[in-house]
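See below for the structure under consideration.
Here is the naming used below: chain letters follow the sequence lines, and residue numbers restart at 1 for every chain. As the structure is a prediction and not an experimental result, all values here were calculated from the model. Note that these values count all heavy atoms, side chains included, but never hydrogens, waters or copies made by symmetry.
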Amino acid sequence: MTNRNTVTWNSMISALAKNNKINDARSLFDEMPLRNLVSWNTMIAGYLHNDQVGEALKLFEVMPQRDPFTWTLVITCYTRSREIEKARRVFDGLPQEKRKPACWNAMIAGYLKKGMIEEARRLFDEMPVKDLVSWNSMLACYTQNEEMNMGLKFFVEMGERDVVSWNLMLHGLVQINDMDGALCFFRRIPNPNVVSWVTILSGYAKVGRIVEARGLFDRMPERNVVSWNAMIASYIRNNQVDEAARLFMEMPDRNPASWTAMVNGYVRCGKLDKARELLDQMPYKNVSAQTAMIYGYVQNMRMDEAREIFDGIGSRDVLCWNTMLAGYSQSDRMDEAIQLFKQMNTMNLVTWNTMITGFAQKGQMNEALEILEKMGERNIVSWNSIISGFTQNGLYINALEHFLLMARDGKKPVQSTFASGLSCCANLAALRVGIQIHHLTVKSGYVNDLYVGNALITMYSKCGRISSADQVFNDLDGIDIISWNSLIFGYALNGYGREAIELFQEMEEKGLDPDQVTFVGVLSACSHAGLIDQGLGLFKSMTVEPVAEHYACIVDLLGRAGRLKEAYQLMLGMPDKCNHPGTWGALLGACRVHRNIELGKLAAEKLFELEPRSTSNYVLLSNIQAEAGRWKEVERVRVLMKERGVEKQPGCSWLEAKNGVHSFFSHNSKESNMADICDVLRVLTAHMKNTRYMLDINLFLLDYE
DNA sequence: TATGCGTAGT
């Protein structure tokens with residue numbers, strides 16, 4: 001059947017496939033006059049080489065006969081698509097005599113990719129005939145899973161070693177950043193080849209030792225395109241894109257990886273137009289380079305250009321889809337994200353998580369939950385996205401519920417989970433739950449994480465346990481500006497103005513530069529504690545550019561002292577015309593306390609303009625007018641509210657007692673013992689009548705109605 | 001003369 005001619009066709013197909021010209025290879029395969037078994041195997045191997053597992057399997061289905069080569073190829077197909085069980089079924093179905101060592105080796109390699117070292121070892125021990133590739137495959141299981149102690153033991157036990165064995169060990173040492181060990185090893189390799197050199201070179205680049213990497217590159221006895229690519233990638237890794245570009249121009253020949261590395265390099269340093277220029281010049285564009293370009297556009301909010309590249313890609317992989325999807329999801333364009341999502345036929349965990357994050361950011365938590373339900377396997381990122389989504393949308397109880405559901409799903413919280421959970425407790429003033437989560441962070445070893453520590457400071461502060469906040473602050477191994485700011489805010493919130501200022505001074509003495517947030521904290525501390533002069537002094541001596549929030553603090557501070565005119569004057573002098581609701585809100589609040597109707601009206605009108613749907617502004621103005629007995633004006637505000645479709649939200653508060661959180665709404669409270677509670681309230685109200693709270697009782701009654 | 005599987009590097 002086979003003639004000389006068929007062999008020639010076969011070798012041409014193989015050569016084309018190995019040079020990534022898979023479509024040309026297929027054309028030849030279809031055209032050839034006489035195919036033998038080797039032709040089919042060659043074509044399947046070609047598809048595997050080009051990462052087209054689906055096409056490979058299609059050919060396998062229709063081929064007329066099979067041999068051990070074929071079976072090895074099929075096992076590799078399944079291990080590449082991470083379907084290890086299918087691979088194993090094929091393997092188990094083979095009769096003993098057809099199980100060549102390569103077949104076993106392919107199976108071991110499959111377990112390696114899944115990190116299933118024990119399974120691999122069992123198979124390795126069962127093998128009747130082991131060749132050097134078998135030993136190397138097993139060694140790779142150890143070195144690629146950072147099991148270097150086992151790896152070294154195995155390496156020593158190996159009767160025979162080749163340069164692949166040495167290179168595997170070398171790569172393992174590089175992966176755990178043990179460059180001293182790696183260099184030692186490299187020096188002892190009997191005949192290091194270009195792979196050995198590239199491995200050690202990349203290792204130095206990985207730990208930032210770019211000069212040593214370049215030294216190795218210059219000393220390499222032979223260089224191929226991968227060596228050049230590795231050096232280019234090293235420069236890009238270390239933010240030296242110009243040096244990389246120089247090498248790119250110099251190199252004798254380039255492959256798609258060279259181009260992709262450079263496109264990626266320009267994208268990483270923000271030179272998008274350079275990246276695009278290169279991409280357009282690429283002789284054979286590949287999906288990796290195009291995806292890098294899409295990523296660049298997406299990160300810079302240039303979605304139209306990203307889409308243009310995306311639409312021009314013939315065969316997209318899952319990374320490409322996910323990059324485009326993340327672009328829409330991050331720029332709040334969920335409708336387009338959904339469209340894309342529906343068109344995808346291969347997805348992975350990242351795909352689903354991207355959708356969750358997108359919905360969560362838009363506040364569409366029901367949609368986010370729907371995705372969580374539908375996805376099969378979830379990871380910690382899926383749960384974190386849901387929990388932080390609820391947190392950021394103010395749905396703290398739901399967030400904490402899902403904290404528990406996550407545990408039921410068998411996933412352990414990490415830093416960001418704890419940060420979200422603690423933030424919920426802070427906002428709910430749920431001290432007991434907060435303390436429980438604190439214990440969990442200790443148990444799981446995250447208590448010294450800076451994010452967690454800072455969240456703990458805020459949690460204790462907002463729950464009124466300033467001493468605990470202080471203790472967390474002092475116990476943290478390393479603190480940053482956010483830790484300082486959190487504690488300053490904590491003191492401010494709890495009325496310890498002087499302590500907040502002291503902390504601020506301590507921070508300055510330690511040589512730390514306060515930022516804008518620090519000043520908001522310390523100014524609000526002055527305001528809450530009535531430290532007028534200190535506050536004004538600090539404001540004048542601020543080392544950062546004042547922003548609206550600082551003005552709001554000062555307006556609040558002056559307002560509380562009754563210095564309304566001064567506050568208003570300050571606002572007029574703000575750099576850009578004051579459009580900050582918080583500042584006007586502070587003024588309006590002060591006008592109510594000090595009964596300044598004219599200024600209050602002015603502030604309110606401005607606020608209606610800035611946030612027409614905010615209930616509290618209407619209520620405040622209405623209260624001011626009511627206190628002055630100007631009922632017609634009160635009526636006017638109520639009509640205004642109706643016209644604009646603003647509805648007063650029912651008042652709500654909650655507190656935490658032994659057995660959970662109790663919430664109270666001004667209507668239809670869920671509490672069953674409401675009658676008892678009202679009795680107590682009446683007693684307290686009577687008591688308050690004889691105190692300085694008397695002033696506000698009429699307001700209380702007005703709201704109560 | 002000449003072809004296909006499994007292990008290492010960008």
Sidechain N-carboxylate O distance under 4.0 Å for D242(A), R246(A): no
Touch class at under 4.0 angstrom, heavy-atom based, for V194(A) against every strand present: base
Sugar-phosphate, base or nothing in reach of N224(A), heavy atoms under 4.0 Å: base
Nearest listed nucleotide, side chain of V164(A), among dG6(B), dT7(B), dT10(B): dT7(B)
Sugar-phosphate only, base, or nothing, as touched by A45(A) at under 4.0 Å among non-hydrogen atoms: sugar-phosphate
Sugar-phosphate, base or nothing in reach of A257(A), heavy atoms under 4.0 Å: base
Parallel, tilted or perpendicular: ring planes of F154(A) versus Y142(A), cut at 30 and 60 degrees: tilted
Given dG4(B), dT10(B), dG6(B), the nucleotide with the shortest approach to the side chain of T42(A): dG4(B)
Q144(A) side chain near dA8(B) phosphate (N/O to OP1/OP2, under 4.0 Å): yes
Selected nucleotide, minimal atom distance to V163(A) side chain, candidates dA8(B), dT3(B), dT10(B): dA8(B)
Listing, residues 167-178 of chain A side-chain donor-acceptor contacts under 3.5 Å, not counting sequence neighbours, or none:
| from | atom 1 | to | atom 2 | distance (Å) |
| --- | --- | --- | --- | --- |
| N167(A) | OD1 | S196(A) | OG | 2.7 |
| N167(A) | ND2 | V163(A) | O | 3.4 |
| N167(A) | ND2 | N193(A) | OD1 | 3.2 |
| N177(A) | OD1 | K206(A) | NZ | 2.8 |
| D178(A) | OD1 | G181(A) | N | 2.9 |

Side-chain H-bond candidate by donor/acceptor type, N10(A) with T42(A), under 3.5 Å: no
Rounded distance (Å) that lies between atom P of dG4(B) and atom NE2 of H49(A): 12 Å
Touch class at under 4.0 angstrom, heavy-atom based, for T76(A) against every strand present: sugar-phosphate
Distance, rounded to the nearest Å, where L94(A) contributes CG and dC5(B) contributes C1': 13 Å
Length of the line joining I232(A):CD1 and dT10(B):C1', which is rounded to integer Å: 9 Å
Interatomic distance where CE belongs to M107(A) and C1' belongs to dC5(B) [whole Å]: 15 Å
Between CE on residue M293(A) and CG on residue N264(A), distance to nearest 0.5 Å: 10.5 Å
Length of the line joining M158(A):CE and dA8(B):P, which is rounded to integer Å: 13 Å
Nucleotide nearest V198(A) when distance is taken to its side chain, options dG9(B), dT3(B), dC5(B): dG9(B)
Whole-Å distance separating the CG atom of N193(A) from the P atom of dT10(B): 13 Å
dG4(B) OP1/OP2 closer than 4.0 Å to side-chain N/O of K18(A): yes
Selection from dT10(B), dA8(B), dT7(B) that lies nearest to any side-chain heavy atom of L168(A): dA8(B)
